[in-house]
Structures are given as structure tokens and as C-alpha cells.
Amino acid sequence: MDTFLTFTIVGLVLGSVYAIAASGLVLTYNTSGIFNFAHGAQAMLGAFAYWQLRYGWGLPTPVALLLVLGVLGPMTGLLLYVVIMRGMRDTAEVTKIVVTVSILLGMVSVSHWFWHPETARTMTMFFGDQARIDLFGVTIRYHELICLAAAVLIAVGLRIMFVRTRVGVAMRGVVDDPDLLRLNGHDPDRLAALSWMMGSTLAVLAGVLVTPINGGTLEANMLTLLVIDAFAAAMFGRLRSIPRTFAGALFLGLAATYVLAYFPTAWTWTSNLRVSLPMIALFVVLVVLPQDRLRGAVTRTRERYHVPSVRKAIAWAVALVVIVYAIRLLMVTSAVTTLTIGMTFAIIALSLTLLTGYAGEMNLAPVSFGAIATIVAFHFGISGSGLAAHLNLWGVALGVAVTAVIGGLIALPALRLRGLYLALATMAFGVFLSNMVLRDTTQHELFGIRFSLFTDGNIAIPPLKVGPLDLRNETTFLMTVTVIFAVLGVGLIALRNSGYGRRLAAMKDSPAAAAMLGQSLVRLKLGVFTLSAGIAGLGGLFMSSAMGSVSNESFSIMVSLSLLMLTVVAGIGYVSGALFGGLLSGVGFAVIMVSFSNLAAGQPELAGMWTFLGRVAAVSPALIGIGVAANPSGSVHQMVEGYRRLKNAKPVLAGGAVVVLVSYLLALVGVLDNWWFASITIATVFMLPVMGQWLMPEAVLGAEEAQRRAPLVPERVGIDEPYNEQARDEIDRELGIDELLAARATGSEKELIPHG
């Protein structure tokens with residue numbers, strides 16, 4: 001009985017922390033319609049800030065709590081809403097998800113910036129670990145009592161606020177109909193900002209409370225994922241009901257501790273199951289809960305994509321292979337391997353182009369499917385041993401096939417899910433795979449066969465060898481994965497231009513309309529999920545082979561989220577978006593950070609500057625991801641539109657090509673350093689549309705638009721320039737009339753009159 005009571009108390013305490021964190025999620029979602037994936041990162045940053053104030057600087061506990069809960073929490077929520085969230089109402093669900101994921105990754109990078117991850121930091125419970133009372137023969141610490149009391153007070157307070165107060169009722173109406181709310185005298189932006197302030201404060205409180213319970217050690221990724229477990233509790237209440245959210249949180253806390261207490265110790269997977277339980281519950285809850293009906297009217301979003309013809313796709317595919325080979329001639333062996341890894345990430349990103357860009361379905365764990373193919377190929381697809389070991393074609397085919405089948409099986413229960421719910425379901429699968437499968441390093445016996453799923457926690461995948469094709473050669477490996485990416489890219493564009501692709505686009509735009517026209521949404525979703533999982537498995541298998549050996553961390557949910565974010569930033573509706581997103585995720589920013597580290601080591605007198613720039617580079621992917629709200633179609637779309645305008649400015653295009661070609665030849669003969677060549681090429685590619693508008697404005701913009709953008713010459717107004725309201729305002733600014741009138745209104749016009 002004492003064991004039961006002890007683990008019940010521990011479960012209630014853990015559940016209370018889940019409840020606090022989940023309440024903040026419900027609060028912000030109800031007023032903005034945005035599910036904050038960065039909620040766990042906010043809790044993590046709050047815990048680190050509290051540690052710095054309380055233990056790093058020695059401030060009293062009440063003062064440290066006042067600063068993090070009264071200043072940091074509300075200000076973080078206010079800044080997030082005002083700067084980012086307020087402008088995301090008319091964006092697609094994937095854009096909303098990516099922006100909050102970017103904030104999550106950015107906060108993790110910031111924590112690594114200020115608090116080095118290799119330095120141990122611990123937090124003790126409030127009043128100390130020995131401050132406790134006995135209740136029914138069970139010892140309860142004061143810290144645990146505070147967790148329980150805080151959770152109850154917050155649940156009751158939020159319930160009363162939402163149901164009994166005008167502010168709470170108005171908050172619930174912010175996301176439903178903000179215009180109607182304005183007519184009733186409320187300011188939707190102010191109410192939404194208030195809810196984000198409160199939600200952020202609750203996240204910080206959860207982070208401060210849960211850290212000592214979880215062992216007291218501060219680790220950014222672990223603490224972020226720990227609070228992400230509260231997502232399951234929030235879904236118990238369907239992101240609306242505080243009481244059901246509270247009940248779901250307590251259920252999760254109790255279930256986790258009862259598994260640890262009563263499952264047989266001989267079961268080696270008990271600990272992994274306990275860690276995975278919240279994600280299992282999240283997946284089950286998402287599948288079981290009733291979903292919204294299909295909507296016939298779809299809100300128009302700002303995302304726009306142009307699908308090229310198959311002929312153009314083939315031309316660009318050939319160009320890609322030639323360009324990669326030309327770049328290979330400038331590289332050392334280690335750089336070739338790095339670029340190969342980037343190309344394998346680009347193949348994984350192609351699965352997102354198909355699934356999300358074309359079909360509008362969500363997958364937050366694409367790299368996890370690569371882990372499945374890797375495990376299958378490791379056990380069944382390696383021939384030979386030692387240095388002669390190699391991956392065979394059977395292993396690749398089997399790994400891709402099994403991954404595709406598992407992708408379809410995962411999709412089956414999730415076929416009725418859409419948007420955010422589907423995204424959360426795939427995230428739950430990814431975290432479950434990392435916690436339950438990739439941590440399974442123990443030996444099992446089945447039908448007399450002994451095996452382990454992820455042997456020793458680190459498995460090696462040798463290169464593929466098929467007849468004369470041997471990927472042990474770095475150049476052969478690079479060109480092989482480049483050709484595979486090019487072929488798959490052309491295949492996806494051909495699929496998008498086919499009848500099947502048009503059906504996928506119709507399902508993305510309006511599922512209800514597609515169903516009314518006789519399309520089988522179940523068949524479409526199942527097919528696209530299966531194909532997407534197979535592509536991700538192929539890319540993940542080659543990624544493992546290029547790396548040589550992979551661990552659990554190689555397939556973590558953070559890697560998947562980073563890949564998704566950068567692919568959306570580049571343009572998830574484009575094959576070229578998958579290329580740029582994969583290269584940036586796989587190698588781009590890592591190479592930049594290593595370069596800054598090498599510069600700091602080679603130039604000690606400038607080490608501070610290079611170190612600072614390296615840390616900025618670590619945060620920059622998240623900053624770029626946050627900016628996708630302003631450009632939801634992606635940077636590739638913006639570049640495509642810019643170059644589309646240059647079709648009548650042939651001299652500008654020819655000049656840019658000459659600059660790149662000359663810099664390449666100079667780098668090839670050793671006159672230019674490779675970094676200079678890369679810098680010149682990148683600058684030329686991005687600046688060419690701007691240079692075209694400057695050098696040939698009429699050819700790029702058209703005569704009318706160029707005339708409109710031309711600077712106004714006041715002396716020519718009324719002669720060669722029409723006199724209109726714009727011309728009048730420009731003349732007023734040139735003559736300083738606006739300033740004079742403003743000064744006259746304040747009685748200080750003499751200050752503007754020059755003294756002779």
C-alpha cells in the first residue's frame with residue numbers, strides 16, 4: 001500500500017506540472033488559433049534563467065521567481081505575439097507550425113549560446129530536498145505540494161476566467177470572429193497579447209517546477225522535450241477544455257509512474273515505455289477524438305507555387321548533375337563527404353515536397369522514417385564482413401519497401417486527421433520511435449534467434465556496392481545521390497502534372513470539394529503517405545551510409561523539425577526548395593559554424609569576433625524560419641519570380657553567368673580561394689534580380705512600372721510629370737512644408753527658419 005501511495009503522489013506531482021504547461025497551450029491556442037510548438041522551449045529558457053538568477057548570481061528565491069514569472073515570462077509572450085504571431089492569421093497551417101518550430105530551435109540555440117551544454121547545472125527543490133511532511137505514511141516534499149497547489153489553482157482560475165468573466169469569454173471569441181468582437185467594443189489584439197503573456201508565464205512556471213522533480217539537471221533538448229509531453233494533456237481537452245486538460249495531465253503522470261512501479265523488472269523495455277507513454281497517449285487521443293467536419297469553403301492563404309513542365313524539370317536536373325560535378329572538382333575529400341550528406345538530406349526533403357507541398361498533408365518526423373530503413377538494411381542488407389562489408393541492392397530495396405509499408409500503416413489510423421492534428425500525430429510517432437525503438441540496445445530472443453534493434457546504440461552502414469558501382473569512392477557516392485535526387489525530382493514534377501497530382505492538389509485546396517467530385521480521400525492519403533515514407537527511407541538510408549555510423553541522436557525529432565523548417569523556408573512546394581532546404585539542414589550551417597571556429601583558433605586576436613559570429617550563425621536558421629511568416633511561399637518562389645522578370649533582360653543574365661564562370665575558372669586554377677568563389681556565386685545569384693531592376697528597369701519591370709518607381713523631379717511636375725496627390729506629397733517633403741506646419745502647430749517654427 002505504501003508503494004501505491006508513494007507512486008500515486010509522484011504521479012500526481014508530475015501530472016500537475018503537465019497540467020500547468022498544457023494550460024498555457026490551451027490558453028494561447030484559444031485566442032490565436034496557433035499551436036505553440038515552442039512552448040517547451042519557453043519552459044526550458046525560463047528554467048535556465050531561474051538557475052542563472054538563483055544559483056549563478058545568488059539572488060534570493062522569491063526575487064528570482066518574481067523576475068522570471070513577473071518579467072521574463074510575460075515579456076516573452078508579449079514579444080512573440082506582437083512581433084511574430086499577430087501577422088500569421090492568413091497563412092497556411094504548415095507556415096504556422098514552421099514558425100513556432102523555428103522559435104523552438106532558436107531558443108535551444110540561444111540556451112547553448114549563454115549556457116554551454118557541457119557545463120553541469122543543477123537545481124534543488126524549493127525549501128530544499130529535505131523539507132517534507134508525512135501524509136498517510138508517505139513522505140511529500142514542500143516542492144511537490146507547491147506543484148499540486150499551483151496546478152489546482154491555475155485550473156480553477158482559468159476555468160472561472162473562461163466561463164464567468166467578460167475577458168475570458170472575449171478571449172474565446174478572438175480566434176473565431178475578431179471582427180465581431182471589435183463591434184462589441186473589445187480589442188482582439190490586446191486580448192490575444194494578454195493570453196500569450198499568460199501562456200508564456202505558465203510555460204516558465206512549468207519549467208522551473210519540473211526540473212528538480214526530473215533530477216535537477218538542466219539540459220536544453222531534454223527539458224524541451226519533457227515539456228512537449230504536455231501536448232498529449234492539451235489534446236485530452238481538444239485544446240479547449242481546461243478541466244479535461246487537467247484530467248488528461250493527471251492520467252499521464254499517474255500512468256508513467258505506475259508503469260515504473262508495477263511492470264516486471266525483467267522487462268528491459270519498461271523504462272523506454274515510460275518515456276514514450278505521453279507520445280503513445282497523444283497518438284491514441286488524436287485518433288480517437290472526433291474530428292472537425294470537412295469544410296467546403298477554404299480560407300485563402302498567401303502561399304503560391306508554380307509547377308514547371310517536365311521538359312524544364314529534365315533540363316534543370318541535367319544542369320544540377322553538371323553543376324555538382326563541377327563543384328566537386330574544387331573540393332577536398334572531406335568536403336565531398338559533407339556535400340554528399342547534404343544531398344541525402346535533400347532526398348529526405350523531397351518526401352516533404354510531395355506530402356506537404358503537393359498534397360497538403362503534414363509530417364513532422366521525416367528523418368524517423370530514414371531510421372526505419374537504416375535498421376532494416378543493417379539487419380538484412382549487408383554482405384561481407386570487416387573492411388569488405390558493403391550494403392547490397394536487396395538491403396536498399398527491402399529498407400525502402402518496409403519503410404513505405406510502415407508509413408502506410410501509420411497513416412491508416414491517421415487518415416481522418418488533418419492539419420495540426422496530423423502534424424502532432426506524426427510528431428508523436430517520431431518521438432516514440434526515438435524513445436522506444438532507437439534506445440533498444442538490449443538482446444532479445446524470438447523463435448530461438450537473438451537480436452537487438454539498435455545494436456550498441458550506434459550502428460554502421462557500409463557504402464552500397466552493386467556490380468561495378470561501388471560507393472566507397474567519394475565522388476561516385478556524391479554523383480550517385482545527386483542523380484537519384486534529380487530523377488526523383490523529375491518524377492515528382494511529372495506526378496504533379498499528371499491526373500493524380502491534380503487530384504492531390506484538389507485535396508489540398510478543398511477536401512470536401514474533392515470528395516464531392518468522387519475522389520477517394522482515403523486512397524489518396526494512403527498512397528501519398530506510402531510514397532512519401534519510401535522516399536524518406538531511401539534518403540535516410542543513404543544518409544546513414546554517408547555518415548558511416550549513426551546513433552539515436554542522428555534521427556532525433558529536432559533533426560526532423562530543422563529539416564522541415566528549412567524546406568518550408570526555401571519553398572516546400574518546389575523540388576528546388578527541397579534541394580536548398582536539405583543542403584542547409586544537412587551541411588550548410590554546420591559548415592559555417594565550423595569555419596568560424598577554425599577562424600577563431602587561427603586568429604586568436606580576433607577570436608571574440610569570430611566566436612560571436614559563429615553563435616549568430618547557430619541561431620540564424622531559426623531567425624530565417626521565423627521570417628517565413630512574411631514570405632510563406634519560400635525564398636525559392638521569391639527567386640523564381642525575380643528571375644522570371646529578367647527574361648527580357650538578356651544582357652543582365654549573360655553578365656551574371658560570365659561573373660560566375662570566370663570566378664569558377666579562377667578557383668579551378670587556384671587563383672581564387674573556394675570560399676571567395678562561393679561568396680561571389682551566392683552574391684551574384686541573389687543580387688542579379690536587383691541589378692536587373694537597376695540597370696534595365698524598363699525591360700525588367702515594364703515601362704509603366706519603371707516610370708512609377710522612377711524618382712520624382714519636382715521641377716518637371718506639370719511639364720513632363722503629371723500633377724497628382726503623390727507628386728504633391730513628394731514636393732511637400734522636398735520643400736519641408738510638412739515639418740514647417742508641424743512646427744507651427746507647436747509654436748517652434750522659428751527654429752526651422754534659417755538665420756542670416
Side-chain angles (χ1 to χ4, degrees), residues 6 9-24 38-77 104 107-133 139-151 153-154 200-230 249 252-253 256-257 260 274-275 278:
T6 299
I9 294 297
V10 173
L12 290 174
V13 171
L14 182 60
S16 66
V17 178
Y18 285 159
I20 294 172
S23 298
H39 201 68
Q42 289 177 258
M44 176 271 299
L45 270 188
F48 271 97
Y50 174 76
W51 179 92
Q52 186 63 51
L53 293 170
R54 175 66 183 87
Y55 300 93
W57 294 341
L59 295 181
T61 298
V63 176
L65 284 175
L66 179 63
L67 289 175
V68 296
L69 297 179
V71 179
L72 177 65
M75 288 303 298
T76 302
L104 181 154
M107 288 182 171
V108 172
S109 297
V110 167
S111 71
H112 291 163
W113 184 339
F114 290 100
W115 298 279
H116 197 280
E118 295 181 2
T119 302
R121 297 175 182 86
T122 58
M123 288 169 50
T124 59
M125 295 187 177
F126 295 152
F127 302 104
D129 295 342
Q130 302 303 317
R132 60 186 68 185
I133 62 172
T139 300
I140 306 175
R141 298 177 179 87
Y142 288 170
H143 186 97
E144 296 169 336
L145 288 175
I146 292 173
C147 294
L148 292 170
L153 290 175
I154 290 170
S200 179
T201 303
L202 291 176
V204 171
L205 177 60
V208 172
L209 291 176
V210 76
T211 303
I213 296 173
N214 198 46
T217 302
L218 283 168
E219 201 281 319
N221 288 338
M222 182 182 67
L223 183 55
T224 299
L225 292 175
L226 180 65
V227 179
I228 283 178
D229 289 344
L252 288 175
T257 54
L260 192 62
R274 175 185 177 277
V275 177

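Values below: all heavy atoms of this structure, side chains included; hydrogens, waters and symmetry mates excluded.
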Test side-chain contact (heavy atoms from CB on, under 4.5 Å) on L223 and V210; report intermediate values, then the result. CA-CA 9 Å; L223 183 55; V210 76; 3.8 Å; yes
Go through the steps for V208 and F126 under the test side-chain contact (heavy atoms from CB on, under 4.5 Å), then give the verdict. CA-CA 10 Å; V208 172; F126 295 152; 3.9 Å; yes
Applying side-chain contact (heavy atoms from CB on, under 4.5 Å) to Q42 and T76, what does each step give before you reach the verdict? CA-CA 8 Å; Q42 289 177 258; T76 302; 4.0 Å; yes
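Contact record, Y18 with P278: OH-CG, 4.2 Å, taken as the closest heavy-atom pair. Listed here is the closest heavy atom pair of H39 and A21: NE2-O, 2.8 Å. For I20 against C147, the heavy-atom pair with the smallest separation is CD1-O, 4.3 Å. Shown here for L104 and A38, the closest heavy-atom pair between the two residues is N-CB, 3.6 Å. The two residues T201 and G73 have their closest heavy-atom pair at OG1-C, 3.6 Å. A47 approaches M123 most closely through the heavy-atom pair O-SD, 3.9 Å.
Here the CD1-OG1 distance, from I9 to T257, works out to 10.0 Å after rounding to the nearest 0.5 Å. For the atom pair OG (S111) and NE2 (H116), the distance works out to 11.5 Å, reported to the nearest 0.5 Å. Taking CG from L218 and CD from Q52, the interatomic distance works out to 10.5 Å, rounded to the nearest 0.5 Å. Considering OG1 of T211 and CZ of R121, their distance stands at 12.5 Å, rounded to 0.5 Å. L209 CG to Y50 OH: the interatomic distance, rounded to the nearest 0.5 Å, is 9.5 Å. To the nearest 0.5 angstrom, F48 atom CZ is 13.5 Å from M107 atom CE.
Qualifying salt bridge (Lys or Arg N to Asp or Glu O under 4.0 Å) partners for R141, counting only residues two or more places apart in sequence or in other chains: E144. Taking L148 as the reference, L12, V13, S16 meet the side-chain contact (heavy atoms from CB on, under 4.5 Å) condition, with sequence neighbours excluded.
In this structure, L53 and V63 have side chains that are not in contact, with every pair of non-hydrogen atoms separated by 4.5 Å or more. M44 is listed as a side-chain neighbour of V108, based on a closest heavy-atom distance under 4.5 Å. For the pair L205 and I154, the minimum side-chain heavy-atom distance is below 4.5 Å.
Between the T119 side chain and the W115 main chain, no donor and acceptor come within less than 3.5 Å of each other. No donor-acceptor pair closer than 3.5 Å links the side chain of H143 to the backbone N or O of I213.
Judged purely by distance below 3.5 Å, without hydrogens or angles, the side chains of Y55 and T122 never pair a donor atom with an acceptor atom.
Between F127 and Y142, the ring planes lie perpendicular to each other; the angle is over 60°, past the 30° to 60° tilted range.
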